[in-house]
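Quick notes on the structure that follows.
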Amino acid sequence: MLAGAGAASAQDYPAKPVRLVVPYAAGGPTDTFARALAESWSRKLGATLVVENRTGAGTLVGTETAAKAPADGYTLLLTTVAHAVNPSIHASLPYRTVEDFAPVGLAAKAPLVLVVNKNVPARTLPEFMAYLKANPGKVNYGSAGIGSAPHLGGELLNYMAGVRAMHVPYRGSAPAMADVIGGHLEFMIDSAPTGLAQVQAGTVRLLATSMAQRLPQTPDTPPIADAVPGYEAYTWNAVFAPAGTPAPIVEKLNATLRAALADPDLKRRAYDMGLVLQPDTTPAELSAFLQSELKKWSEVARAANMSAN
């Protein structure tokens, strides 16, 4: 009887709008992608996805909201690499990172770009790596805050290349980039859309990208991995449901998410955002991906003594 009830509820799903919780402020890159995704996904799901921004405590507030919502498929979480980093930089969390969520799918990867202020003598990636090695503790980089993707990218560079660039956290990427442009910071590993916008404006110099493969937006720019083998850093957008959400509902969410990610309109918009969509995603792959990210960033956080407390 219970199995039959679960099947019936899945068959009727969705019967009302679905809430997509985004633990970031409106107008930022995660929110912008969430709203574009919600448009395409709503058409495939047959119900409206409503983006709800729940900010605070470095994504903890929104994540807790989703974790403690009813497991009925009507509340989802769209989160980022912060989900994998938070266990390593917070003394405690108001939810369990793995146990309290049912993976739905990895929607996109968001590459980063390494840019330097125009006074830095290095004009190529090899020259920049030599510059870092020759100036331990004297080269500063900015980020959007502790645990942000630019911070992770910088500390992964320190960890894997054996260099010692100094982290300067800001309240957001914009003020950090402003200080790179102004010459107060030597470099930043920023999100591709905002970093490339400054490159196109001529305010900073682009030296490398952060994913293993070259980006279609900048095919002539080498990846950092060319100089630091194995280096790969990016943020990502993944969808989770509360733990206990019936499997047939998770399967329907995944199938319609995959259809949305194959939507030509969303593909165009994602390209403009500098994103790499993941249209073949599965819940099992997201589960394995999260485990690998938890391991990777726990090692980096430990080596860098990262803490948000």
- prompt: How long is the span from the CD1 atom in Ile146 to the CD1 atom in Ile89, to the nearest 0.5 Å?
  reply: 7.5 Å
- request: Check Leu207, Val115, Val204, Leu132 against Phe187 for a side-chain contact (heavy atoms from CB on, under 4.5 Å) and give me the one that passes.
  value: Leu132
query: What heavy-atom pair brings Val250 and Ala102 nearest, and what distance separates the two atoms?
result: CG2-CB, 4.5 Å
message: Looking at every heavy atom in both Leu156 and Ala233, which two are closest together, and how far apart are they?
response: CD2-CB, 3.9 Å
query: Is there a side-chain contact between Thr282 and Arg258, using heavy atoms and a 4.5 Å cut-off?
result: yes
message: Tell me if a side-chain donor or acceptor on Asn254 pairs with a main-chain N or O of Val104 at a distance below 3.5 Å.
response: yes
query: Any donor and acceptor pair, going by atom type alone, linking the side chain of Thr245 with main-chain N or O of Ala241 inside 3.5 Å?
result: no
query: Can you check whether Leu277 reaches Lys267 side chain to side chain, under 4.5 Å on heavy atoms?
result: yes
field: Ionic contact status for Arg268 with Asp265, cut-off 4.0 Å
entry: yes
- request: Check step by step if side-chain contact (heavy atoms from CB on, under 4.5 Å) holds for Val228 and Leu157.
  value: CA-CA 8 Å; Val228 185; Leu157 186 65; 4.0 Å; yes
In one Ile/Leu/Val/Met/Phe/Trp/Tyr side-chain cluster, 4.5 Å: Leu60, Val98: yes
query: About how many Å separate CD of Glu293 and OG1 of Thr80, when rounded to the nearest 0.5 Å?
result: 10.5 Å
- line: Between Leu77 and Ala66 the two heavy atoms that sit nearest each other are CB-CB, 3.7 Å
field: Atom pair OH (Tyr141) and CG (Leu114), whose distance is rounded to the nearest 0.5 Å
entry: 11.5 Å
- request: Give me the ring orientation class for Phe289 and Tyr234: parallel if the planes are under 30° apart, tilted from 30 to 60°, perpendicular past 60°.
  value: parallel
query: In terms of side-chain geometry, is the basic nitrogen of Arg54 or Glu52 positioned less than 4.0 Å from the acidic oxygen of its partner?
result: yes
task: Would you confirm whether Arg19, through its side chain, and Val50, through its main-chain N or O, come within 3.5 Å as a donor-acceptor pair?
output: no
- request: Apply side-chain contact (heavy atoms from CB on, under 4.5 Å) to the pair Val113 and Leu196, showing each step before the final yes or no.
  value: CA-CA 7 Å; Val113 293; Leu196 292 177; 4.1 Å; yes
- request: Calculate, to the nearest 0.5 Å, the distance between atoms OG1 and CG belonging to Thr235 and Leu152 respectively.
  value: 8.0 Å
Heavy-atom pair with the smallest gap, counting every atom of Ala225 and Gly230: CB-N, 4.4 Å
Salt-bridge contact Arg35-Glu39 (side-chain N to carboxylate O under 4.0 Å): no
- line: Rounded to the nearest 0.5 angstrom, the CD-CE distance for Gln217 and Met273 is 12.0 Å
- prompt: Does any non-hydrogen side-chain atom of Val51 lie less than 4.5 Å from one of Asp31?
  reply: yes
field: Residue from Trp236, Phe101, Tyr24, Trp297 passing ring pair (Phe, Tyr, Trp, His ring centres under 6.0 Å) with His83
entry: Phe101
side-chain contact (heavy atoms from CB on, under 4.5 Å) assessment of Trp41 paired with Leu253: CA-CA 9 Å; Trp41 199 358; Leu253 286 167; 4.0 Å; yes
query: Would a distance-only check, ignoring hydrogens and angles, find a side-chain to backbone donor-acceptor pair under 3.5 Å from Thr209 to Met211?
result: no
message: Any side-chain to backbone donor/acceptor pair from Asp179 onto Gly142? Under 3.5 Å, distance only.
response: no
task: Would you confirm whether Tyr231, through its side chain, and Gly153, through its main-chain N or O, come within 3.5 Å as a donor-acceptor pair?
output: yes
field: Aromatic Tyr13 / basic Lys252 pairing, under 6.0 angstrom, 45° off normal
entry: no
query: Are any non-hydrogen side-chain atoms of Tyr131 and Pro121 less than 4.5 angstrom apart?
result: yes
- line: Smallest heavy-atom separation, Gly274 atom then Ala192 atom, equals O-CB, 4.4 Å
task: Flag the pair Ser173 / Pro150 as yes when at least one side-chain heavy-atom distance between them is below 4.5 Å, and no otherwise.
output: yes
query: Do Leu78 and Val61 sit in the same hydrophobic cluster, where Ile, Leu, Val, Met, Phe, Trp and Tyr count as joined when their side-chain heavy atoms come under 4.5 Å apart?
result: no
query: Looking at side-chain heavy atoms only, is the closest gap between Thr97 and Leu294 below 4.5 Å?
result: yes
field: Pro23 versus Thr79, closest heavy-atom pair with distance
entry: CG-OG1, 4.3 Å
Test item: side-chain donor near acceptor, Asn86 and Thr59, under 3.5 Å: yes
message: Whether Arg43 and Asp263 form a salt bridge (side-chain N of Lys/Arg under 4.0 Å from carboxylate O of Asp/Glu) is what I want to check.
response: yes
query: Passes side-chain contact (heavy atoms from CB on, under 4.5 Å), Asp226 versus Arg214? Steps please.
result: CA-CA 10 Å; Asp226 278 9; Arg214 296 189 178 217; 4.0 Å; yes
- request: Report yes if some heavy atom in the side chain of Glu251 is under 4.5 Å from a heavy atom in the side chain of Pro283; otherwise report no.
  value: no
query: For the residue pair His167 and His151, does the interplanar ring angle fall in the parallel (under 30°), tilted (30 to 60°) or perpendicular (over 60°) class?
result: parallel
query: Checking Thr256 side chain against Leu45 main chain: does a donor-acceptor pair fall under 3.5 Å?
result: no
Side-chain donor or acceptor of Ser42 paired with backbone N/O of Leu49 under 3.5 Å: yes
query: Is any side-chain heavy atom of Leu37 closer than 4.5 Å to a side-chain heavy atom of Leu261?
result: yes
statement: Taken to the nearest 0.5 Å, the spacing of Phe33 CZ from Leu266 CG works out to 5.5 Å
query: Counting only N and O atoms by type, is there a donor-acceptor contact under 3.5 Å from the side chain of Ser298 to the main-chain atoms of Ser88?
result: no
- request: Please answer whether the main-chain N or O of Thr221 pairs with a side-chain N or O of Thr218 as donor and acceptor at a distance below 3.5 Å.
  value: no
